[in-house]
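Notes for the one structure printed next.
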Amino acid sequence: VFALGLAATVAALVGPMDRWADTHLAVHMLQHVIIGDAAIAVLVFALRGPLLVFLLPAPVLVRVARARSFFSLLLRPRVAFALWAANLGIWHVPYLYDLALRHDTVHYLEHACWVAAGLLVWTLLIDPGGHRRLTVGGRIALAAAMFACGQVLTDVLVFGFHPLYPAYPRLTDQKLAGVVMMAEQLLTLGTLAFVLLRPRMRASRLVAA
Amino acid sequence: MSPTDFSWEPAFIVLAVVAAVAYAWSTPPRGWRLASFAAGLFLVAAPLNSPMETIAAHRLLLIHLVQNALIADIAPLLILIGLTPAMKAWLERHGARRIRARWAILAWLVAWYGTHLAGFYNWALDTGWALNIEHAILIAGGLLFWWPLAAGRLEAPAALAYLGAAFVASSFLGLAFIFSSHPFYSFYERAPRLWGFSATRDQNLGGIAMNGEQTFVFLAAIGYYVSRLLTEDER
């Protein structure tokens with residue numbers, strides 16, 4: 001599963017998808033949702049339990065441990081969600097989107113931000129280390145909040161009658177980008193919600209029976 | 001016919017009056033339940049008996065789709081929210097118990113997509129009287145859909161799954177309108193234009209209105225059940 005996540009990330013950043021992303025906003029959006037959401041979700045899912053301890057080499061782990069309070073702060077649900085939502089909004093501002101397209105360094109920074117923000121929220125949603133920072137209801141609430149935020153951006157892209165980004169002048173392409181985002185969120189967050197809610201639905205049915 | 005003229009579908013005024021009398025007769029509550037029920041009836045009767053009906057039935061698909069969204073999604077929800085537990089129990093004893101969530105969602109989707117099929121839609125608009133059938137199907141579909149939730153049959157997790165499935169399954173119609181590059185309904189191609197919209201732009205805007213309304217209603221409902229889930233967790 002971990003290899004699948006890595007392969008998806010690499011496939012999104014290297015090869016034809018990266019070339020098409022230069023000319024198609026929908027493909028660029030697909031690239032972003034893969035590296036910042038879907039692949040991250042798969043990677044974090046693959047690292048649940050004891051595997052997590054062996055992910056990083058001991059010297060790196062020691063350094064991470066030293067910055068524990070900083071990571072704990074980032075992983076507070078409200079902080080993580082705020083950072084994720086801000087990241088989503090900021091990088092879709094046309095000026096910054098355009099800037100990232102014109103300057104590789106900014107583009108790399110943008111992609112790094114997607115990965116970092118995705119790691120924060122998916123760590124809370126999947127809880128690979130079993131820290132229980134959020135209850136099941138809290139995780140569903142976070143997923144719903146992420147979907148609602150994503151929906152705002154989706155609506156801006158899908159409902160718009162003018163292209164927002166000069167590099168991508170086709171309106172249908174922009175609308176498709178919105179649909180790509182919505183579909184991907186429905187797939188990842190919907191799957192998570194289903195997995196989290198299923199035991200409760202079964203329990204409710206048993207009680208009713 | 002001027003867009004500001006009133007058009008009527010009196011059957012829905014009669015239905016609203018009958019529902020209001022029945023509500024008043026069965027010791028109605030005061031406060032928010034009463035307000036919700038009244039608002040629901042108003043949203044059934046007003047869009048179908050006003051200039052909105054004139055524009056929807058003669059000029060713009062956009063207004064027709066807004067009208068449909070109001071009577072199919074929002075009005076039934078408000079009406080059911082306005083019922084007291086005793087009223088819901090009475091309805092359960094008199095047939096509503098048979099409404100199963102899985103069939104309710106299916107019936108709602110069939111009503112939603114079926115009434116928007118080009119053949120049916122054009123027929124309803126061409127004949128005029130058949131609009132009553134279209135609107136009755138949409139209202140009935142909405143009442144069926146919201147009933148399992150309003151009756152408290154579904155626990156929060158099941159309600160979230162129900163709403164999520166409905167949101168996804170119903171969104172394709174709005175998206176089809178938004179992405180369309182030609183009009184689906186010949187009636188609106190022939191109809192005199194209003195406010196300078198072409199038939200295609202009218203359809204695109206209708207899809208946006210429909211999708212926007214559904215997003216708002218469903219996210220609000222999902223938010224309510226998420227908050228209930230959080231409360232359950234706290235316990």
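Side-chain contact between B/F179 and A/V179: present, with at least one pair of heavy atoms (C-beta onward) separated by less than 4.5 Å.
Heavy-atom distances place both the backbone and the side chain of A/L176 under 4.5 Å from chain B. Contact of A/A144 with chain B is made through the side chain alone, with heavy-atom distances under 4.5 Å. For a residue to count as touching a neighbouring chain, one of its non-hydrogen atoms must lie under 4.5 Å from one of that chain's; by this rule B/L175 touches chain A with the side chain only. Within the 4.5 angstrom heavy-atom criterion, no atom of A/F194 approaches chain B.
Closest non-hydrogen pair, B/P157 versus A/M201, comes out as CB-CG, 3.7 Å. Across B/L230 and A/A141, no two heavy atoms sit closer than the pair CD1-CB, 4.0 Å.
Under the side-chain contact (heavy atoms from CB on, under 4.5 Å) criterion, B/A166 pairs with B/I105, B/W108, B/F145, B/F218, sequence neighbours left out.
The most heavy-atom pairs under 4.5 Å with chain A, out of B/L229, B/L205, B/I208, B/V226, come from B/I208.
Within a 6.0 Å radius of OH in B/Y113, more than 12 heavy atoms belonging to other residues, nucleotides or ligands are found.
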All inter-chain donor-acceptor pairs under 3.5 Å (chain B, chain A):
{"residue": "B/D233", "atom": "OD1", "partner": "A/R200", "partner atom": "NH1", "Å": "3.4"}
{"residue": "B/D233", "atom": "OD1", "partner": "A/R200", "partner atom": "NH2", "Å": "2.2"}
{"residue": "B/D233", "atom": "OD2", "partner": "A/T135", "partner atom": "OG1", "Å": "2.8"}
{"residue": "B/D233", "atom": "OD2", "partner": "A/G137", "partner atom": "N", "Å": "2.4"}

